[in-house]
Amino acid sequence: MDRCVGLLLGGLALVAFISLAGLVFTSGEPYRDARLGWAVSAYIAALGLGVEAFAMRHLAGSERYGRYFAWMTWTLFCASASWMVDNAIVFAVCWIGMDVGIVRLISLQRGSRAVRRVVRTVFVRLLRSMGGIALISLLCVKSSGRISLHAGVAALAQRPHVAILASLVLAVVALAQAGNAPFMRWLLDSAITPTPVSALMHAGVVNAGGLLLAKFAPVLATGGIIPRALLMAAAWVSIAIGTGILMIHADYKRQLVASTMAQMGLMLTECAVGAYAVAMVHLVLHGVFKATLFLRSGSAVPRPDEVLVKAQVLSPRFPWAQLVGAAFFLVYAFPRPADGLSLLSGLLLGAGCAVALAAATSLRAGRWLGAAIALFAGALALALRDELIRAWAVLLGTPGSGNAWLAAVAAGLIALHAALLTWLRRHPRHPCSLRAYAWLAHMGDPSPHAAEAQPAALETLAKEAMLS
């Protein structure tokens with residue numbers, strides 16, 4: 001079995017190497033789609049290589065050890081192939097194969113009644129994604145009279161009435177795949193899966209919605225403002241709920257799931273405003289970061305002497321972190337004050353720097369080193385971000401400016417969300433705060449059918465010889 005797993009890892013390493021070579025040695029406009037496919041394939045293969053290498057030890061001893069690796073490889077293959085092919089039918093088959101692979105990975109813990117019920121929930125929710133992709137592929141074939149996906153996208157972009165329907169379907173597929181409102185329950189309940197499966201899912205599969213929107217960017221542009229506004233509204237709701245659950249939930253894995261929901265909402269917002277290159281940079285960096293967090297989630301379990309901690313009393317402090325974040329925002333957005341995308345990007349950069357700096361300065365030891373690292377990371381992001389965006393814009397062939405008006409609205413909505421959260425934290429005993437806390441706690445908790453009763457859970461572990 002270990003030999004077979006080694007062969008799978010070697011195959012993924014070979015795919016990553018070939019994809020990087022293809023990205024380096026193909027250039028020019030005729031190869032734009034191929035270069036995008038090579039770039040995405042290299043990212044997925046490298047990500048899968050790290051996850052499967054971790055899974056070799058994490059899943060050792062599982063009675064379905066070989067099946068986990070087989071379905072992981074299947075899912076990674078379908079995810080890579082879906083961006084490499086130009087055949088609309090094969091694209092739909094690969095997308096459906098990717099989602100089927102995730103459902104099968106979740107279902108491998110079939111000894112648990114909760115897992116069996118979660119599998120049904122995940123399948124029903126992802127059925128929207130799979131059905132939508134099948135419909136989009138058929139629209140591409142019918143519009144162009146050819147099976148070429150590139151030709152189908154170009155043909156749909158020339159038919160405004162059909163493009164509106166296609167844009168609405170694309171929005172539904174992206175929201176369902178990313179676990180955003182109104183399809184978020186499957187992503188929250190999927191926290192029951194093993195850590196390597198969660199890492200693969202949150203870093204590689206839920207991101208596919210953003211890639212899909214970038215691939216069909218001309219269709220969304222022709223579809224008009226309504227589909228993009230609806231997409232942005234659903235994404236904003238997802239950001240609000242995901243951030244709220246992240247702030248109040250104690251379960252570390254559910255915090256990561258809520259973080260993914262919020263980050264996917266931000267990525268879909270960037271797609272909605274037309275900033276596809278920004279969304280792709282966000283997608284890759286978030287994927288690498290989230291996979292790392294999931295794979296090291298075991299170290300987040302506190303020691304017995306750290307379980308009971310004293311309640312911290314918040315004392316008023318000079319808002320250094322907020323001021324530094326505001327400075328980063330002004331440095332980024334001030335040169336282009338009328339550009340809505342600059343306002344949105346600068347707001348996200350400033351907020352990220354403020355949060356990181358506040359977390360660093362709250363450390364008991366090494367706070368100055370942490371603050372220096374946070375400032376250096378913010379400066380590095382400020383320096384390299386535009387270069388990364390330009391590189392992805394070349395691969396995508398889409399303008400990086402986006403819709404300035406929609407971007408300004410998105411920046412305003414995110415600022416409103418931040419103001420609401422700040423008010424709720426400053427007034428924890430207000431009736432509105434108590435209702436919001438209770439509702440977010442209910443949303444973040446697993447569904448009744450997604451939680452295993454304790455005796456049944458222990459019996460399942462005993463059967464797997466994990467407690468003997």
Side-chain angles (χ1 to χ4, degrees), residues 16 39-40 42-55 58 76 79 177-180 187 190-191 193-211 214 235 238-239 242-243 245-247 249 251-271 275 277-300 325 328 345 347-360 363 370 373-385 387-389 391-392 414:
V40 175
Y43 162 72
I44 294 174
L47 178 71
L49 187 62
V51 172
E52 290 199 3
F54 174 86
H58 185 86
L76 291 166
Q177 191 73 23
N180 273 199
L187 192 62
S190 69
T193 58
T195 297
V197 177
S198 295
L200 182 65
M201 185 190 311
H202 287 257
V205 175
V206 297
N207 291 343
L211 282 168
S238 304
I239 295 170
T243 307
I245 294 174
L246 172 64
M247 290 175 61
H249 218 286
D251 187 318
Y252 182 70
K253 198 168 184 181
R254 290 192 173 274
Q255 288 179 357
L256 295 181
V257 173
S259 170
T260 295
M261 184 190 305
Q263 291 291 335
M264 292 302 98
L266 287 173
M267 186 188 67
L268 294 182
T269 298
E270 291 159 353
C271 291
V278 178
M280 293 304 100
V281 173
H282 190 164
L283 180 153
V284 173
L285 296 181
H286 169 263
V288 175
F289 180 61
K290 189 54 62 70
T292 304
L293 288 181
F294 267 106
L295 297 183
R296 65 177 296 274
S297 58
S299 62
F328 273 99
S345 300
L347 183 64
L348 296 179
L349 178 62
C353 292
V355 171
L357 191 59
L363 296 174
I373 292 174
L375 290 173
F376 175 75
L380 188 64
L382 193 64
L384 297 181
R385 187 178 180 280
E387 297 301 324
L388 291 173
I389 291 173
W392 273 102
I414 293 175

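In this chain, residues are counted from 1 in sequence order. Values below: all heavy atoms of this structure, side chains included; hydrogens, waters and symmetry mates excluded.
- When all heavy atoms of Ser198 and Thr193 are compared, the closest pair comes out as OG-OG1, 2.8 Å.
- From Ile239, atom CD1 reaches atom CD of Gln263 across 8.5 Å, with rounding to the nearest 0.5 Å.
- Minimum heavy-atom separation, Met201 to Ser190: SD-OG, 3.7 Å.
- Residues Glu52 and Leu200 fail the side-chain proximity criterion, which asks for heavy atoms closer than 4.5 Å.
- Here the closest non-hydrogen pair linking Ala291 and Leu47 is CB-CD1, 3.7 Å.
- The CD1 atom of Ile245 sits 11.0 Å away from atom CD of Gln255, with the distance rounded to the nearest 0.5 Å.
- Listed here is the closest heavy atom pair of Ala191 and Val257: CB-CG2, 4.1 Å.
- In this structure, Ser259 OG and His249 NE2 are separated by 14.0 Å, a value rounded to the nearest 0.5 Å.
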Q: Any chance you could lay out the side chain to side chain contact (heavy atoms under 4.5 Å, CB included) test for Thr260 and Lys290, step after step, and finish with the verdict?
A: CA-CA 8 Å; Thr260 295; Lys290 189 54 62 70; 2.8 Å; yes
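- Judged by distance alone, with hydrogens and angles left aside, the side-chain atoms of Thr269 form a donor-acceptor pair with the main-chain N or O of Gly265 at under 3.5 Å.
- Aromatic ring pairs are classed by plane angle as parallel below 30°, tilted from 30° to 60° and perpendicular above 60°; the pair His286 and His282 is perpendicular.
- In this structure, the side chain to side chain contact (heavy atoms under 4.5 Å, CB included) partners of Leu283, at least two apart in sequence or on a different chain, are Tyr43, Asn207, Leu211, Met267, Met280.
- Counting heavy atoms from C-beta on, the side chains of Leu256 and His202 never come closer than 4.5 Å.
- With values rounded to the nearest 0.5 angstrom, Tyr252 atom OH is found 4.5 Å from Leu293 atom CG.
- In terms of the side chain to side chain contact (heavy atoms under 4.5 Å, CB included) criterion, residue partners of Ala208 (sequence neighbours excluded) are, by chain and number, Trp83, Trp95, Met98, Gln177.
- Minimum interatomic distance between Ala178 and Leu268 (heavy atoms only, all atoms of both residues): CB-CD1, 4.2 Å.
- Scanning both residues, Ala262 and Thr243, for their nearest heavy atoms gives CB-OG1, 3.8 Å.
- Two residues are said to be in side-chain contact when any heavy atoms from C-beta on lie closer than 4.5 Å; Leu266 and Ile414 meet this criterion.
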Q: Check the pair Phe294, Val197 against side chain to side chain contact (heavy atoms under 4.5 Å, CB included), reporting the backbone distance first and the verdict last.
A: CA-CA 9 Å; Phe294 267 106; Val197 177; over 6 Å; no
